[in-house]
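To keep things clear, I will list the structure first and then write my remarks on it.
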Amino acid sequence: MLVNAPRGTKDVLPDTSGFWQYVESRAREICKIYGYHEIRTPIFEHTELFLRGIGETTDIVQKEMYTFEDRGGRSIPLRPENTAAVVRAFLEHKLYAQPQPSKLFYIGPMFRYDRPQAGRLRQFHQFGVEAISSPGPTVDAEIILLAVQFLQSLGLGDLKLYLNSVGCPQCRPHYRSKLQAFYQDKLPQLCHDCRSRFDRNPMRILDCKENACAELSQDVPEIVDCLCEECAAHFNQLQNLLKAAGTEFHLNPRLVRGLDYYTKTAFEIQYSPLGAQSAVCGGGRYDGLIEECGGQPTPGIGFAIGLERVLLALEKQALLPPITPSLDLYAAPLDENAVAVAFRLVSELRRSKISCDMDVMGRSLKAQLKYASQYPARFVAIIGDDEVRQNKVMLKNMKTGDQHLIDIADVRAKLLTEMEE
RNA sequence: GUGGCUAUGGUGAAGCGGUCAACACGGCGGAUUGUGGCUCCGUUAUUCGAGGGUUCGAAUCCCUCUAGUCACCCCA
């Protein structure tokens with residue numbers, strides 16, 4: 001117990017942290033290219049924010065939040081996603097008073113209490129992007145391209161972009177009642193889950209994997225045919241923009257997002273070899289969210305990318321960059337007097353930003369050389385009695401095996417010229 | 001939250017009721033006195049995810065729990 005991380009959490013060890021840094025730096029690069037700026041919000045927020053923002057009836061809020069009471073009696077959840085928090089910060093700091101749109105991104109941990117699986121953890125990490133204030137659809141296309149370009153820049157292939165429009169408060173109710181009319185007489189034949197979806201969120205029935213439900217849904221009316229004029233025009237224009245940019249996409253009328261705040265554009269990027277957790281990126285427009293959170297009516301759109309899933313996909317496609325630690329100099333002292341000399345040398349070199357290390361295990365020279373070659377270190381400075389007496393160091397090139405006795409004072413210059421090559 | 005499968009050292013794994021828990025890799029140490037990457041030698045699990053039970057005897061059988069994994073649910 002004491003030596004096990006809590007269920008659904010993972011330690012990132014030194015042999016993999018380099019992969020994370022790689023992916024995160026790619027995310028930052030892309031955001032810079034697209035003009036998005038980083039925002040960092042707290043890992044916990046007030047419960048009300050997510051109740052309002054995500055929706056009280058959603059699974060995320062109903063059964064997946066890590067909520068605790070703090071010592072002041074406040075109900076505090078660890079954030080299950082970050083869009084609501086970004087909107088909160090947008091309002092709290094009156095970012096709307098600055099030149100709009102607000103183009104923001106974040107990278108960080110999210111928390112959902114769920115049964116862990118590969119690609120689904122209780123603490124997981126998202127890279128998310130939000131563009132607030134523009135009604136689109138140009139910014140919709142921009143955001144989607146950003147996501148696609150990010151994933152492509154990592155070399156990922158076999159990605160599929162799915163696109164849909166979920167309408168707006170004008171047209172969605174019509175579609176909803178149309179759906180309910182469609183399913184009304186089929187109700188007894190639907191599965192248990194779908195019967196409860198009928199009232200709560202009939203659009204979810206379309207998504208059901210039960211054979212019976214899928215068959216019943218064969219001739220279901222599609223939302224694209226029920227969009228109001230504005231939503232239809234928006235959706236059309238978005239498709240035109242994506243085509244103009246040469247981005248391949250697939251319309252998926254059954255694509256429904258799980259969070260209440262989505263309107264109009266909904267999209268998802270899938271990498272199917274990941275199995276059940278194949279959604280690498282999910283996003284959409286949330287034109288009602290900011291008002292819902294107490295601001296002026298303001299449109300917004302964003303997405304989140306699951307970094308664990310991206311890493312899994314990269315691993316599957318053998319696209320993880322090699323991580324090669326290296327060291328310019330390893331100091332190998334042979335006795336206590338030499339340790340002091342070596343320590344001084346190493347300290348000085350480190351101040352000059354030369355990467356170096358020395359023995360702290362009291363090992364034999366043989367063992368020290370072995371260690372240095374595994375590191376791998378480019379040079380080893382062997383320091384024994386003779387060297388200490390003469391203020392010199394036996395500098396050994398680990399690649400060639402050559403070694404020369406040189407003045408300690410010259411080590412730095414020697415290393416610098418060697419590193420030039 | 002529901003169902004299936006799994007659980008032996010740092011890693012990959014043998015063992016399937018009865019002497020010291022194979023083997024490989026890795027780690028550490030060594031092969032004459034201050035020299036690595038090859039080779040050779042030694043060493044590295046009083047213990048088999050945890051806790052109960054059955055038995056003269058259990059890593060091996062049973063139960064509970066924990067964790068991983070796959071699928072559902074949902075989502076990134």
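Lettering of chains follows the sequences in order, A, B, ..., and the numbering in each one begins at 1.
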*Contact class for A:Gln368 vs. all strands (heavy atom < 4.0 Å): base, sugar-phosphate, or nothing?*
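Nothing, no nucleic acid heavy atom in range.
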
*Describe the nucleic acid contact of A:Ile269 in one word from base, sugar-phosphate, nothing, applying a heavy-atom distance below 4.0 Å.*
nothing

Show me the side-chain donor-acceptor pairs of residues 383-392 of chain A shorter than 3.5 Å, one per line, residues at least two apart or across chains.
unit_1: A:Glu387; atom_1: OE1; unit_2: A:Gly384; atom_2: N; d: 2.9
unit_1: A:Gln390; atom_1: NE2; unit_2: A:Asp386; atom_2: O; d: 3.3
unit_1: A:Lys392; atom_1: NZ; unit_2: A:Asp407; atom_2: OD1; d: 2.7

To the nearest Å, how far apart are [X] [atom1] and [N] [atom2]?
{"X": "A:Ile107", "N": "B:A76", "atom1": "CD1", "atom2": "P", "answer": "17 Å"}
{"X": "A:Glu64", "N": "B:C74", "atom1": "CD", "atom2": "C1'", "answer": "6 Å"}
{"X": "A:Leu255", "N": "B:A76", "atom1": "CG", "atom2": "P", "answer": "10 Å"}

Return all side-chain donor-acceptor pairs below 3.5 angstrom for residues 308-319 of chain A, not counting sequence neighbours, or 'none' if the list is empty.
unit_1: A:Glu308; atom_1: OE1; unit_2: A:His125; atom_2: N; d: 2.9
unit_1: A:Glu308; atom_1: OE2; unit_2: A:His125; atom_2: N; d: 3.3
unit_1: A:Glu308; atom_1: OE2; unit_2: A:His125; atom_2: ND1; d: 2.8
unit_1: A:Arg309; atom_1: NE; unit_2: A:Gly119; atom_2: O; d: 2.7
unit_1: A:Arg309; atom_1: NH1; unit_2: A:Ala279; atom_2: O; d: 2.8
unit_1: A:Arg309; atom_1: NH2; unit_2: A:Gly119; atom_2: O; d: 3.2
unit_1: A:Lys316; atom_1: NZ; unit_2: A:Pro273; atom_2: O; d: 3.2
unit_1: A:Gln317; atom_1: OE1; unit_2: A:Gly157; atom_2: N; d: 3.1
unit_1: A:Gln317; atom_1: NE2; unit_2: A:Gly157; atom_2: O; d: 3.1
unit_1: A:Gln317; atom_1: NE2; unit_2: A:Tyr271; atom_2: OH; d: 2.9

Nucleotide N/O to protein N/O under 3.5 Å, stretch nucleotides 3-7 of chain B:
unit_1: B:G3; atom_1: O6; unit_2: A:Arg115; atom_2: NH2; d: 3.2

*Please state whether the phosphate of B:C75, meaning OP1 or OP2, lies under 4.0 angstrom from any side-chain nitrogen or oxygen of A:Arg112.*
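A:Arg112 to B:C75 OP1/OP2: no side-chain N or O under 4.0 Å.
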
*Phosphate contact (B:C75 OP1 or OP2) by A:Gln126 side-chain N/O below 4.0 Å*: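 No, outside the criterion.
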
*Which pairs count as ring pair (Phe, Tyr, Trp, His ring centres under 6.0 Å) when at least one residue sits in residues 368-409 of chain A, sequence neighbours excluded?*
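Sorted result for residues 368-409 of chain A: A:Tyr330-A:Tyr371, A:Tyr371-A:Tyr375.
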
*Kindly state each residue pair satisfying ring pair (Phe, Tyr, Trp, His ring centres under 6.0 Å) with at least one member in residues 47-66 of chain A, sequence neighbours excluded.*
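Residue pairs passing ring pair (Phe, Tyr, Trp, His ring centres under 6.0 Å), neighbours aside: A:Tyr66-A:Tyr113.
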
For residues 246-254 of chain A, tabulate all N or O donor-acceptor pairs below 3.5 Å that involve a side-chain atom, not counting sequence neighbours.
unit_1: A:Asn252; atom_1: OD1; unit_2: A:Arg254; atom_2: N; d: 2.9
unit_1: A:Arg254; atom_1: NH2; unit_2: A:Ser217; atom_2: O; d: 3.0

_Any side-chain to backbone donor/acceptor pair from A:Arg74 onto A:Glu69? Under 3.5 Å, distance only._
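Between the backbone of A:Glu69 and the side chain of A:Arg74 there is no qualifying donor-acceptor contact (under 3.5 Å).
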
*Could I get the full list of ring pair (Phe, Tyr, Trp, His ring centres under 6.0 Å) partners for A:Tyr22, not counting sequence neighbours?*
none

*Which dot-bracket string fits RNA chain B when only Watson-Crick or G-U wobble pairs with both atom distances under 3.5 Å count, crossing pairs get [ ], and | stands for a partner on a different strand?*
((((((((.[[[..)..(....]]]((((((.......))))))....[[[[[..)....]]]]])))))))....

_Give the residues of residues 6-33 of chain A touching RNA chain B, defined as any heavy atom closer than 4.0 Å, sorted by residue number._
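Those residues whose heavy atoms fall under 4.0 Å from RNA chain B, taken from residues 6-33 of chain A in numerical order, are A:Arg7, A:Gly8.
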
*Using heavy atoms and a sub-4.0 Å distance, could you list which residues of residues 280-289 of chain A are near RNA chain B? By number, please.*
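Result for residues 280-289 of chain A: A:Val280, A:Cys281, A:Gly282, sorted by number.
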
*Kindly state whether the ring of A:Phe124 and the ring of A:Phe111 have centres lying under 6.0 angstrom apart.*
no

*Which is it for A:Leu329 and A:Val380 under the side-chain contact (heavy atoms from CB on, under 4.5 Å) test, yes or no, and what are the steps along the way?*
CA-CA 5 Å; A:Leu329 179 92; A:Val380 170; over 6 Å; no

Just the atom pairs and distances: protein N or O near nucleotides 33-43 of chain B's N or O, under 3.5 Å.
unit_1: B:G34; atom_1: O6; unit_2: A:Asp386; atom_2: OD2; d: 3.0
unit_1: B:G34; atom_1: O6; unit_2: A:Glu387; atom_2: OE1; d: 3.2
unit_1: B:G34; atom_1: N1; unit_2: A:Glu387; atom_2: OE1; d: 3.0
unit_1: B:G34; atom_1: N1; unit_2: A:Glu387; atom_2: OE2; d: 2.8
unit_1: B:G34; atom_1: N2; unit_2: A:Glu387; atom_2: OE2; d: 3.1
unit_1: B:U35; atom_1: O2; unit_2: A:Lys396; atom_2: NZ; d: 3.1
unit_1: B:U35; atom_1: O2; unit_2: A:Gln403; atom_2: OE1; d: 3.3
unit_1: B:U35; atom_1: N3; unit_2: A:Gln403; atom_2: OE1; d: 2.7
unit_1: B:U35; atom_1: N3; unit_2: A:Gln403; atom_2: NE2; d: 3.1
unit_1: B:U35; atom_1: O4; unit_2: A:Gln403; atom_2: NE2; d: 2.7
unit_1: B:G36; atom_1: O2'; unit_2: A:Ser373; atom_2: OG; d: 3.1
unit_1: B:G36; atom_1: N1; unit_2: A:Met398; atom_2: O; d: 2.5
unit_1: B:G36; atom_1: N2; unit_2: A:Met398; atom_2: O; d: 3.0

*Quick one: do the A:Gln277 and A:Gln117 side chains pair a donor with an acceptor below 3.5 Å?*
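Note: A:Gln277 and A:Gln117 side chains meet the donor-acceptor criterion.
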
*asked:* Please tell me whether A:Gln270 and A:Ser278 have a donor and an acceptor in their side chains that are separated by less than 3.5 angstrom.
replied: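 Looking only at side-chain atoms, A:Ser278 and A:Gln270 do form a donor-acceptor pair, the distance falling under 3.5 Å.
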
*Dump the intermediate steps for side-chain contact (heavy atoms from CB on, under 4.5 Å) on A:Phe303 and A:Ile143, then the final yes or no.*
CA-CA 8 Å; A:Phe303 69 76; A:Ile143 283 254; 3.4 Å; yes

_Atom C1', compared across B:A67 and B:G42: separation rounded to whole Å_ = 36 Å

Distance-only donor-acceptor hits, side chain of residues 14-21 of chain A, under 3.5 Å, sequence neighbours excluded:
unit_1: A:Thr16; atom_1: OG1; unit_2: A:Leu13; atom_2: N; d: 3.4
unit_1: A:Thr16; atom_1: OG1; unit_2: A:Leu13; atom_2: O; d: 3.1
unit_1: A:Ser17; atom_1: OG; unit_2: A:Pro14; atom_2: O; d: 3.4

*Which of the following nucleotides, B:C74, B:C70, B:A76, is nearest to the side chain of A:Asp114?*
B:C74

